[in-house]
Amino acid sequence: MFIAITREVSRSIIHCELTHLARSPIDVARARSQHNQYESALKHLGLAVLSLPEAPALPDSVFVEDTALVLDECAVITRPGADSRRSETEDIVKSLAPYRSKLFHIQAPARVDGGDILQVGKHIYVGLSTRSDTNAVEQMQDFLQPFGYELHAVIVTGCLHLKSAVTQVAEDTLLINPVWADKNNFIGVNFIEVDSSEPYAANAVMIGETIIYPTAFPKTQKRLDKAGIPMVTVDADELAKAEGAVTCCSLIFRI
Ligand code: CIR
């Protein structure tokens with residue numbers, strides 16, 4: 001059985017961090033409604049959803065993915081790259097404690113956001129972005145090597161996180177924007193490229209054989225349909241104004 005940890009959209013999301021996007025007004029009620037739709041999609045796909053209460057003082061706290069990497073054997077609590085997001089991990093540590101007895105913590109001054117961590121089987125790819133650094137990759141390598149994981153640093157350019165550029169959409173297939181991350185980094189996989197007019201289209205949440213995918217990218221969606229990837233679509237454009245995509249809004253793991 002799988003569980004998804006989510007967190008209600010903060011009323012202060014209008015003060016979110018932005019790196020590659022210009023600030024535009026965010027309708028909190030609409031963002032919450034889209035977030036509910038996302039949680040419903042998770043439940044529809046058979047996940048238990050542990051929905052944490054809103055954190056009014058933490059604008060970006062809906063993006064729980066950035067706070068941890070949860071594997072079958074253990075979890076790594078990140079040290080988010082943006083100062084304003086550091087304390088988001090506190091409630092996540094408490095929420096994960098019942099599910100994982102072994103929690104590793106990234107130590108300062110290393111920084112890493114979960115959005116930069118892509119697990120494909122025993123390969124763990126970590127984006128070197130404005131939020132994540134090689135020190136964090138080295139720490140994760142030390143934590144996770146004993147469990148048989150292999151860490152790979154991947155240079156990311158033009159977007160916030162590695163998972164803005166590439167995510168897994170089938171056991172052996174990655175959805176990628178090759179302008180933001182080089183395909184040569186990834187071992188033993190096939191690729192579906194995003195339509196070049198939809199650069200933000202590479203972010204999908206894979207649950208079993210199905211993906212949760214935003215409605216905003218019809219051309220790339222056609223490519224996924226053609227490849228036979230089953231999907232549930234959600235509207236996520238209000239959350240996208242905060243530079244968040246669909247993977248960002250949950251921490252999914254086996255219980
Ligand atoms: C930030 O800049 O940190 C947030 N506004 C967006 C984080 C999105 N998270 C993700 O892609 N994993």
Side-chain angles (χ1 to χ4, degrees), residues 4-28 31-32 34-35 38 42 52 54-70 75-89 92 106 111-119 124-133 136 140 154 156-168 175-177 180-181 194 199-206 211-214 216-217 234 236-253:
I5 295 182
T6 60
R7 188 164 209 174
E8 177 63 289
V9 175
S10 174
R11 70 194 65 186
S12 62
I13 192 169
I14 49 169
H15 302 301
C16 65
E17 296 284 338
L18 288 174
T19 307
H20 296 275
L21 286 186
R23 198 165 293 278
S24 62
I26 299 177
D27 179 335
V28 176
R32 285 185 173 165
Q34 292 187 346
H35 190 251
Y38 174 82
L42 293 169
L52 304 182
E54 177 206 9
L58 296 172
D60 280 305
S61 48
V62 63
F63 302 122
V64 288
E65 171 183 60
D66 292 317
T67 60
L69 165 68
V70 190
V76 178
I77 306 301
T78 64
R79 186 168 179 274
D83 290 347
S84 69
R85 303 200 57 192
R86 279 286 136 76
S87 62
E88 287 178 30
T89 55
I92 301 298
I106 297 291
R111 303 146 72 245
V112 61
D113 282 1
D116 272 317
I117 308 174
L118 173 67
Q119 182 200 356
I124 296 182
Y125 301 96
V126 185
L128 299 179
S129 66
T130 57
R131 298 290 174 84
S132 304
D133 59 27
M140 281 194 276
V154 176
V156 175
T157 44
C159 60
L160 181 60
H161 287 132
L162 178 64
K163 275 191 276 193
S164 324
V166 55
T167 56
Q168 189 176 15
L175 176 63
I176 190 165
N177 175 343
W180 288 346
V194 301
Y200 288 91
N203 188 274
V205 182
M206 189 176 75
I211 60 168
I212 297 179
Y213 194 67
F217 309 112
V234 292
D237 55 307
E238 206 60 40
L239 291 160
K241 292 179 188 169
E243 218 168 341
V246 284
T247 62
C248 323
C249 295
S250 57
L251 272 173
I252 296 174
F253 52 92

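Counting starts at 1 for both ligands and their atoms, in listed order.
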> Roughly how far, to the nearest 0.5 Å, is the CD1 atom of Ile176 from the CG atom of Leu118?
Replying inline: 9.5 Å

>> Phe217: which residues meet the ring pair (Phe, Tyr, Trp, His ring centres under 6.0 Å) condition with it, sequence neighbours left out?
In response: none

Can you give the donor-acceptor pairs under 3.5 Å from side chains of residues 13-21 to other protein atoms, not counting sequence neighbours?
unit_1	atom_1	unit_2	atom_2	d
Glu17	OE2	Ser84	OG	2.5
Thr19	OG1	Arg131	NH2	3.4
His20	NE2	Cys159	O	3.2

>> Heavy-atom contacts with ligand 1 below 4.0 Å: which residues, ordered by chain and residue number?
In response: Glu17, Asp60, Phe63, Glu65, Asp66, Arg85, Gly115, Arg131, Leu160, His161, Ala242, Glu243, Gly244, Cys248

>> Under the rule for side-chain contact (heavy atoms from CB on, under 4.5 Å), what residues qualify as partners of Ser10, not counting sequence neighbours?
In response: Ser12, Glu54, Ser61

>> What's the separation between atom OG in Ser129 and atom CG in Leu160, rounded to the nearest 0.5 Å?
In response: 6.5 Å

>> I need the single residue from Cys248, Cys249, Ser250 that forms a side chain to side chain contact (heavy atoms under 4.5 Å, CB included) with Glu65. Which is it?
In response: Cys248

